[in-house]
Amino acid sequence: MLIFCANETDIFQFQSVELTTFEYMLDALTYNNSTIHFGSLKDSIFEDLLENQYASSKKIIITDETVSALWMEDLVTSFKALSTAEIIQIPAGEEYKTIDVCAQIWEALSDYEIGRKDLIINFGGGVITDLGGFVASLFKRGLDFINIPTTLLSQVDASVGGKTGVDLGPFKNQIGVFSDAQHVFIDHKFLSTLDDGQLLSGYAEMVKHGLIQSEAHWKNVCALKNLKEEINLELIRASVGIKQKVVEQDHKEDGLRKVLNFGHTIGHGIEGFMLSKGTPILHGYGVAWGMLAEAQISCTKGLITEEVLNEIKNLVVSRYPKIELDASEFKEIMKLMYNDKKNLENRIQFSLINGLGSAVWDQEVTDKEILEALKFIL
Ligand SMILES: NC(=O)c1ccc[n+]([C@@H]2O[C@H](COP(=O)([O-])OP(=O)(O)OC[C@H]3O[C@@H](n4cnc5c(N)ncnc54)[C@H](O)[C@@H]3O)[C@@H](O)[C@H]2O)c1
């Protein structure tokens, strides 16, 4: 049994999220009427769903240009039911995760006369699963949607857990709804075309899952030498399993789920700032440096030892490219953090770690502590 603390006076007990050997071997995880399938898409129930449950539904595939060029032919030729699917393709990149792009897609759905019984298939990275899930959830008060994530980041994190939405200028994920895909299909063959930077970006979320919930997972992901060769379905399933067990206990993020935000308060601040500066960085890079900064705060508050902080520092510094920031830019980053949705009454609430594999949430952190942490990562 693990203990998670909301604050010093408020201690909750939750079931341990360590997975059993049996759970590591499952081909599918189900929660909240949403099923996550692991393994070859071709051998999964996807075809059966298209030809039976969704036989009379129009199918719309939302994707981006890069994924379309690399994988669309493979997808539509592998499944007969998709030969007549409408394909909506947007340019690749976080800068297109906006309400304007959603409005254009809603107009296209109207042109295609899409109705409540039709099906949206989100085929791409986290931008597509976040935006496509949001589009599907609001159109005609909600269509069924299926996620087929194609980046490591979307496979281990973005495509599961039911958070959908878009950015508002530099503010990440400001507009959104909780809405679960009916099915998520995680086939790691799609990762074969990802470049090293994108793999490293997704790897940050796997590291986070270990840091907040499972020391064993942290050790397994730290031990990886060559991400391209060594990240396999088992490790992806372990990461998804950790996230899903947290989400199951707190779908709407009233408490425990906040631990998944570890590294994201400062990480989103940095990511949003770099986006507004016109020099966007990958989401996972922001999270990696955000985790180091927030680990430093955890250490300052006596929640972790210097030894643990150094372990995290070694991993981040040795693997992630340095982010070009100047101390004069910290104020802007802080401003973005104050606008973050996780704040309460103008106080920044952090999730911090209190050991390897354990986290606490709703921790108040002063501006001085945040500035010290930003200096530390410089
Ligand atoms: N909803 C959530 O719980 C959650 C969690 C974490 C992150 N996110 C969001 O996810 C987004 C980041 O996800 P991402 O890193 O997947 O971004 P992304 O969707 O922009 O994909 C990254 C890049 O990889 C390309 N790509 C996708 N699949 C590919 C493939 N198989 N081969 C080669 N290139 C491929 C894309 O075209 C894009 O250029 C952010 O917007 C973040 O806020 C959401």
Side-chain angles (χ1 to χ4, degrees), residues 34 36 41 62-72 74-75 89-98 101 122-134 137 145 147-168 170-181 184 186-209 228 231 239-240 243-244 246-247 251-253 257-264 267-272 274-275 280-288 290 340-341:
S34 175
I36 308 164
L41 184 64
I62 300 181
T63 191
D64 73 29
E65 283 170 357
T66 307
V67 177
S68 185
L70 291 166
W71 290 103
M72 190 57 75
D74 176 80
L75 182 73
Q89 191 177 301
I90 65 170
E94 182 76 23
E95 54 277 40
Y96 297 97
K97 203 175 107 174
T98 64
V101 171
N122 299 315
F123 184 45
V127 166
I128 292 298
T129 54
D130 273 16
L131 176 139
F134 181 70
S137 308
F145 66 99
N147 285 341
I148 307 177
T150 59
T151 60
L152 180 60
L153 194 136
S154 57
Q155 295 197 345
V156 297
D157 200 350
S159 67
V160 299
K163 280 190 180 178
T164 70
V166 293
D167 303 334
L168 192 62
F171 304 115
K172 293 271 304 166
N173 307 324
Q174 288 290 292
I175 315 287
V177 286
F178 284 99
S179 179
D180 286 286
V184 182
I186 296 180
D187 181 344
H188 91 305
K189 83 169 179 189
F190 296 117
L191 306 187
S192 62
T193 51
L194 271 193
D195 62 32
D196 292 347
Q198 294 294 348
L199 274 177
L200 200 52
S201 181
Y203 174 75
E205 299 286 6
M206 301 177 86
V207 168
K208 180 196 74 182
H209 288 147
K228 188 126 206 149
I231 288 181
S239 247
V240 174
K243 174 165 183 178
Q244 193 236 348
V246 170
V247 171
H251 191 239
K252 290 277 172 76
E253 202 171 287
R257 186 174 178 159
K258 294 179 187 176
V259 298
L260 293 170
N261 295 327
F262 175 63
H264 285 64
H268 275 172
I270 296 173
E271 191 188 352
M274 298 306 278
L275 187 66
I281 54 164
L282 297 179
H283 176 75
Y285 289 16
V287 171
D340 195 275
K341 67 208 169 305

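Each ligand, and each atom within it, is numbered from 1 in the order the structure gives.
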Requested in this report: Report the relative orientation of the aromatic rings in His283 and His268; use parallel for angles under 30°, tilted for 30 to 60°, perpendicular for over 60°.
Outcome: tilted
**Report entry** salt bridge (Lys or Arg N to Asp or Glu O under 4.0 Å) partners of residues 149-159, not counting sequence neighbours, each pair once
**Finding:** Asp157-Lys208, Asp157-Lys243
Report summary line: Heavy-atom nearest pair, Ser154 first then Gly126, reads CB-N, 3.4 Å
Query raised in the report: Of all heavy-atom pairs between Thr164 and Ser137, which one has the smallest distance, and what is that distance?
Result: OG1-OG, 4.4 Å
Requested in this report: Mind checking salt bridge (charged side-chain N to carboxylate O under 4.0 Å, His left out) for Lys189 and listing every partner two or more places apart, or none if nothing turns up?
Outcome: Asp74
Report summary line: Protein neighbours of ligand 1 with a heavy atom under 4.0 Å, given by chain and number, are Asp64, Thr66, Val67, Leu70, Trp71, Ala92, Glu94, Lys97, Gly125, Gly126, Val127, Asp130, Thr150, Thr151, Leu153, Asp157, Ala158, Lys163, Lys172, Asn173, Phe190, Thr193, Leu194, Gln198, Glu205, Lys243, His283
Report task. Apply ring pair (Phe, Tyr, Trp, His ring centres under 6.0 Å) to His209 and list each qualifying residue two or more places apart in sequence or on a separate chain. Result -> none
